[in-house]
Trainee: 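What follows is a single structure, and I will ask about it in a moment.
Just so you know, residue 1 is the first one in the sequence shown, and it goes up from there.
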Amino acid sequence: MSPPPPPLGRARKRDAQLFDPALCDTELVDVRARFTQGRWAKARALLAGTGDDWDRRGHRVVVLAETPAALAWSREWLLAEPESADAATLLACAAVFAALRRKGTPEAAEEACHRAAALLPADPTPWLGLLMLSRAFGSQEEFSRHFDQVRARHREHHHAHHLMVARLAEHAPAAGQDPLHEVYDFAAWAAEESPADSPLAVLPVIAHAERYRVLAAVHGAGPDSAAAHWSNRRARQVLRAAFDWWLEWEREDHPRNRVDLNFLAHAKLCEGRPAEAAALFHRIGSHATPAPWSYPDLDPQKAFLAARSAALGTA
């Protein structure tokens, strides 16, 4: 394992940047700033340069699509370049977020996603848009069908697998701490089906966190509930496997690696292993993610800062 970076120290001045969905993609941060001003040429160059790195493309499109006026600027781009698959895909995902905010219709977003998918059939990103849409508005059958379309194009699609785990975790909340729950089976299967260096190795940890979110919302979150959830034999096994994977592979090159590190740091603290969590917090830096720090119903910024202080001994 490489030595940890220096202590965070003055990095706390960057806490205002917590929860930026761009994470550590500095090129995306710059392009997003220009895109929000209607300067879409940089977005065009960014997506063209991303090519068929599907996880990175999905991450960048989603972050741009979430910005204010993304629908208007991507529509302007598509009017200028009607055959651009990049413009159509960005417009489609922007329409999805408009529907999620109740400022557009699911039907219009679905139509836009299908138009984008037809322009570049190999791209899983329009299907990721449909997956997010059906997560909010569709049936389980529709959601599963869209997931299959994403996976058919990119078997290790990070964002899609996280969405599937979140959806499956919500099944049968009355079953409680069932070690045979389908979300655990799915996460284990996806991790086993992936190459050794795949970040999906962390998916069983995500499954445990998402199941905790559901159970805490239904049954309440007592002071010891998180610790109890992470202390059973299965939880210890998946945590050890995920942490060992991180020590060996540490996929800093993956665009969503900070998502996994936040879940893993949260789990390590719940497990009562602050030293291991501290190593993860060093790697996370200022790139916190709302999930899982908001679980079950917490202010994610306060929860993240308190957890980081506890792990680093600065409380």
Side-chain angles (χ1 to χ4, degrees), residues 1-8 23-24 55-56 59 151 154-166 168-169 177-213 226-285 287-289 291-293 295 304 307-308 310-313:
M1 176 184 177
S2 58
L8 292 174
L23 302 173
C24 50
D55 274 331
R56 193 172 306 278
H59 172 64
R151 197 168 188 273
H154 180 37
R155 290 177 63 83
E156 300 169 61
H157 200 288
H158 191 273
H159 195 165
H161 280 83
H162 277 234
L163 289 171
M164 177 57 85
V165 162
L168 290 177
Q177 297 278 3
D178 179 5
L180 301 179
H181 190 277
E182 61 187 305
V183 71
Y184 301 138
D185 288 343
F186 171 81
W189 168 80
E192 290 166 2
E193 285 284 303
S194 300
D197 66 340
S198 172
L200 293 187
V202 185
L203 203 61
V205 174
I206 313 302
H208 252 79
E210 294 293 357
R211 188 61 178 167
Y212 171 69
R213 168 181 61 85
H229 185 75
W230 291 104
S231 64
N232 62 59
R233 183 170 176 267
R234 185 186 190 114
R236 290 195 303 270
Q237 287 176 336
V238 300
L239 263 174
R240 170 47 54 194
F243 192 75
D244 287 347
W245 176 90
W246 176 67
L247 290 176
E248 182 174 1
W249 296 102
E250 193 176 359
R251 285 289 303 275
E252 287 283 327
D253 60 310
H254 194 277
R256 284 169 48 89
N257 80 305
R258 294 302 196 281
V259 175
D260 291 327
L261 295 188
N262 275 267
F263 273 93
L264 193 50
H266 174 269
K268 279 295 178 183
L269 275 182
C270 290
E271 189 191 18
R273 302 183 74 91
E276 291 176 351
L280 293 157
F281 277 112
H282 279 301
R283 286 292 186 258
I284 290 168
H287 302 295
T289 56
W293 305 108
Y295 296 170
F304 173 79
R308 187 177 69 179
L312 300 178

Trainee: Given side chains that start at C-beta, do those of His282 and Leu312 come closer than 4.5 Å, heavy atoms only?
Mentor: yes
Trainee: Show your working on side chain to side chain contact (heavy atoms under 4.5 Å, CB included) between Leu23 and Thr289 and close with a plain yes or no.
Mentor: CA-CA 8 Å; Leu23 302 173; Thr289 56; 3.8 Å; yes
Trainee: What's the verdict on salt bridge (charged side-chain N to carboxylate O under 4.0 Å, His left out) for Glu271 and Arg240, showing C-alpha distance, side-chain angles and the deciding distance?
Mentor: CA-CA 11 Å; Glu271 189 191 18; Arg240 170 47 54 194; over 6 Å; no
Trainee: Under 4.5 Å between any side-chain heavy atoms of Trp249 and Pro199, yes or no?
Mentor: no
Trainee: Closest approach of Ala242 and Val202, non-hydrogen atoms and distance?
Mentor: CB-CA, 4.3 Å
Trainee: When rounded to the nearest 0.5 angstrom, what distance separates CD in Glu276 from CG in Leu269?
Mentor: 10.5 Å
Trainee: Set out, in order, the CA-CA distance, both residues' side-chain angles and the distance that settles ring pair (Phe, Tyr, Trp, His ring centres under 6.0 Å) for His157 and His161, then state yes or no.
Mentor: CA-CA 6 Å; His157 200 288; His161 280 83; 7.9 Å; no
Trainee: Measuring from atom CD of Glu250 to atom CH2 of Trp245, what distance do you get when rounded to the nearest 0.5 angstrom?
Mentor: 9.0 Å
Trainee: Cation-pi check, Arg213 to Tyr295: give yes when NZ or CZ is under 6.0 Å from the six-membered ring centre and within 45° of the ring axis, no otherwise.
Mentor: yes
Trainee: Checking His158 against Asn257 for the side chain to side chain contact (heavy atoms under 4.5 Å, CB included) test, could you report, in this order, the C-alpha distance in whole Å, the side-chain angles of both residues, the deciding distance, and whether it holds?
Mentor: CA-CA 9 Å; His158 191 273; Asn257 80 305; over 6 Å; no
Trainee: Might you point out which heavy atoms bring Leu200 and Ser194 nearest each other, and give the distance in Å?
Mentor: CD1-OG, 3.4 Å
Trainee: Any idea which heavy atoms bring Ala278 and Ala311 closest together, and the distance?
Mentor: CB-O, 3.6 Å
Trainee: Which residue is it: Asp197, Asp55, Val259? I am looking for the one with a side-chain contact (heavy atoms from CB on, under 4.5 Å) to His254.
Mentor: Asp55
Trainee: If you round to the nearest 0.5 Å, how far is CG of Leu280 from CZ of Arg258?
Mentor: 11.0 Å
Trainee: Could you pull out all donor-acceptor pairs under 3.5 Å where a side-chain atom in residues 185-192 meets a protein atom, sequence neighbours excluded?
Mentor:
none

Trainee: Is there a side-chain contact between Arg273 and Phe243 (heavy atoms, below 4.5 Å)?
Mentor: no
Trainee: Tell me, do His162 and Asp260 make a side-chain contact under 4.5 Å, heavy atoms counted?
Mentor: yes
Trainee: Taking the six-membered ring where the residue is Trp, are the ring centres of Trp293 and Phe281 under 6.0 Å apart?
Mentor: yes
Trainee: Nearest 0.5 angstrom please: Leu163 CG to Glu210 CD, how far?
Mentor: 9.5 Å
Trainee: Please find the pair of heavy atoms, one from Ala291 and one from Asn262, that lie closest to each other, and give the distance.
Mentor: O-CB, 4.3 Å
Trainee: Carefully, step by step, assess Arg151 and Met164 under the rule side chain to side chain contact (heavy atoms under 4.5 Å, CB included).
Mentor: CA-CA 11 Å; Arg151 197 168 188 273; Met164 177 57 85; over 6 Å; no
Trainee: State the CD-CG distance between Gln177 and Asn232, to the nearest 0.5 angstrom.
Mentor: 6.5 Å
Trainee: Please confirm whether the ring centroid of His208 lies under 6.0 Å from the ring centroid of Tyr184.
Mentor: yes
Trainee: Identify the heavy atoms of Leu239 and Trp230 that sit nearest to each other, and give their distance.
Mentor: CD1-CE3, 3.8 Å
Trainee: Supply the atom-to-atom distance Asp253 CG to Cys24 SG, rounded to the nearest 0.5 angstrom.
Mentor: 10.0 Å
Trainee: Hey, can you tell me if His229 and Tyr212 have their rings parallel, tilted or perpendicular (30° and 60° cut-offs)?
Mentor: tilted
Trainee: Could you report the tightest heavy-atom contact between Gly285 and Phe304, atom names first, then the distance?
Mentor: O-CZ, 4.1 Å
